[in-house]
Protein chains: 2
Amino acid sequence: MGKSGFYQHDGDDIVFRGFNKISIDNKGRLAVPCRYRELISVQAENSLVITLNPLDRSLWLYPLPEWEVIEDKLASLSDFDKQSRRTKQMMRGYATDCQLDSQGRILIPKELRDYSELSKKVVIFGQGNKFEIWNEKAWEVQRVEWLETTGDDSVPTPESLQSLSL
Amino acid sequence: MGKSGFYQHDGDDIVFRGFNKISIDNKGRLAVPCRYRELISVQAENSLVITLNPLDRSLWLYPLPEWEVIEDKLASLSDFDKQSRRTKQMMRGYATDCQLDSQGRILIPKELRDYSELSKKVVIFGQGNKFEIWNEKAWEVQRVEWLETTGDDSVPTPESLQSLSL
DNA sequence: CACGAAGTGGGGAATTGTGGGTAAAAGTGG
DNA sequence: CCACTTTTACCCACAATTCCCCACTTCGTG
């Protein structure tokens with residue numbers, strides 16, 4: 001499905017992949033790459049939820065139906081474990097609804113832009129059920145670091161990776 | 001199947017092999033060697049996924065069905081281990097769908113060309129379930145280095161390789 | 001040598017990304 | 001409750017990229 005297979009849609013599962021460098025204009029708007037728009041329109045009626053990524057200084061962008069699944073999972077986390085509680089608070093607290101406008105753009109709330117230090121140049125890439133949005137420079141730094149450790153025999157590799165055949 | 005044995009297609013398993021020197025034109029397009037095209041057309045409806053090879057500075061090109069297997073493996077990696085998370089992000093994030101055009105070419109995204117330093121001359125070779133694409137010069141260097149170390153007893157050989165009968 | 005198949009290159013149309021003007025809406029303070 | 005400021009949404013226009021098509025070159029084969 002989709003004119004060039006940039007996503008799959010098997011039953012209820014969406015899989016986003018692919019990478020784009022794009023810019024945020026000085027009004028704080030981000031244009032979702034065109035090839036994803038049709039699916040978002042059909043599957044989520046242009047409704048998206050953007051929130052912070054608790055693991056990296058970046059943002060996560062979910063189609064609304066996918067977010068609802070996440071929200072249920074968060075709701076079931078214990079309130080008595082501090083890390084769980086914080087994760088719940090952060091991800092739900094910063095989750096903001098947004099709609100694709102007529103040009104396929106979304107407005108990213110200032111709070112979230114600040115958190116992830118999004119300025120002019122950003123990268124957005126598919127990551128399964130969601131997109132991840134990074135400051136371009138920050139992303140480059142991570143990529144270089146990762147390349148240096150991966151394939152470097154002196155850095156221990158977790159088992160799950162060692163046994164991975166690609 | 002295949003007029004000169006450059007691939008097999010046993011059930012759902014594809015095996016690519018063989019080596020080609022080809023060029024990328026100045027629009028960033030790469031012509032997939034003709035002898036693979038029919039299989040790609042039949043088995044993947046001309047849909048391919050290209051992504052970076054985390055272990056060498058080269059690219060991997062999968063037929064879509066083969067990529068989906070990889071994607072599932074990646075999806076199951078832990079998010080809480082940084083190296084695993086990065087691997088997931090990089091490989092899925094850079095994975096770009098592409099279609100063979102009417103001349104049997106694909107457009108390689110600029111990001112990936114930059115990463116693997118693909119300029120005019122490249123080599124593409126079959127590697128089981130995928131193709132590997134290298135800058136020609138970089139490949140020559142690797143080949144020379146490999147010839148020097150293989151058979152050199154001072155360089156340790158992993159057990160799995162030691163027990164390999166060729 | 002002639003032919004066909006494979007690889008290469010480029011023009012131009014269509015699509016996609018970017019920026020900004022202006023109107024509507026929402027938030028703020030008196 | 002109203003006037004004022006700030007933010008958000010819609011529209012249009014330009015720039016860049018990608019895609020589609022046609023033509024030429026090169027190579028192997030009979």
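These numbers come from a predicted model, not from an experiment. Each chain gets a letter, A, B and so on, in the order its sequence line appears, and its residues count up from 1.
- Ring orientation note: the planes of W134(B) and W139(B) are nearly perpendicular, at an angle over 60° on the 30°/60° scale.
- Atom pair N26(B):CG and dT18(D):C1' shows a separation of 14 Å (rounding to whole Å applied).
- Residues F16(A) and F131(A) place their aromatic rings such that the two centres sit under 6.0 Å apart.
- Nearest nucleotide to the R29(A) side chain, out of dG17(C), dG12(C), dC11(D): dC11(D).
- Of the residues near DNA chain D, P109(B) and S102(B), the one whose nearest nucleotide (by heavy atom distance) lies more toward the 5' end is P109(B).
- Distance, L30(B) CG to dG7(C) P: 10 Å, rounded to whole Å.
- At dG28(D), none of the side-chain N or O atoms of R35(B) fall inside 4.0 Å of OP1 or OP2 (strictly under the cut-off).
- Which of dC19(D), dT22(C), dG17(C) sits closest to the side chain of K27(A) comes down to dT22(C).
- Atoms CD1 (I22(A)) and P (dA15(D)) sit 21 Å apart, rounded to a whole Å.
- Computed from coordinates, the N20(A) CG to dT17(D) P distance equals 12 Å when rounded to whole Å.
- Taking atom CZ of R105(B) as the reference point, atom C1' of dG7(C) lies 9 Å away to the nearest angstrom.
- Within the nucleic acid shown, K110(B) has no heavy atom closer than 4.0 Å to any nucleic acid atom.
- A straight line from CG of L107(A) to P of dT8(D) spans 5 Å, rounded to a whole angstrom.
- The existence of a salt bridge linking R143(A) and E140(A) is confirmed by a sub-4.0 Å separation between a basic side-chain nitrogen and an acidic carboxylate oxygen.
- Counting any heavy atom pair closer than 4.0 Å across all strands shown, K120(B) reaches sugar-phosphate atoms only and no base atom.
- Spacing between atom CD1 of I124(B) and atom C1' of dA6(C) amounts to 14 Å, rounded to whole angstrom units.
- At a threshold of 4.0 Å, the pair D56(A)-R85(B) counts as salt-bridged, since one of the basic side-chain nitrogens sits closer than that to a carboxylate oxygen.
- A salt bridge between K88(A) and D79(A) is present, with a side-chain N of the basic residue lying under 4.0 Å from a carboxylate O of the acidic one.
- Atoms CD (Q103(B)) and P (dG9(C)) sit 13 Å apart, rounded to a whole Å.
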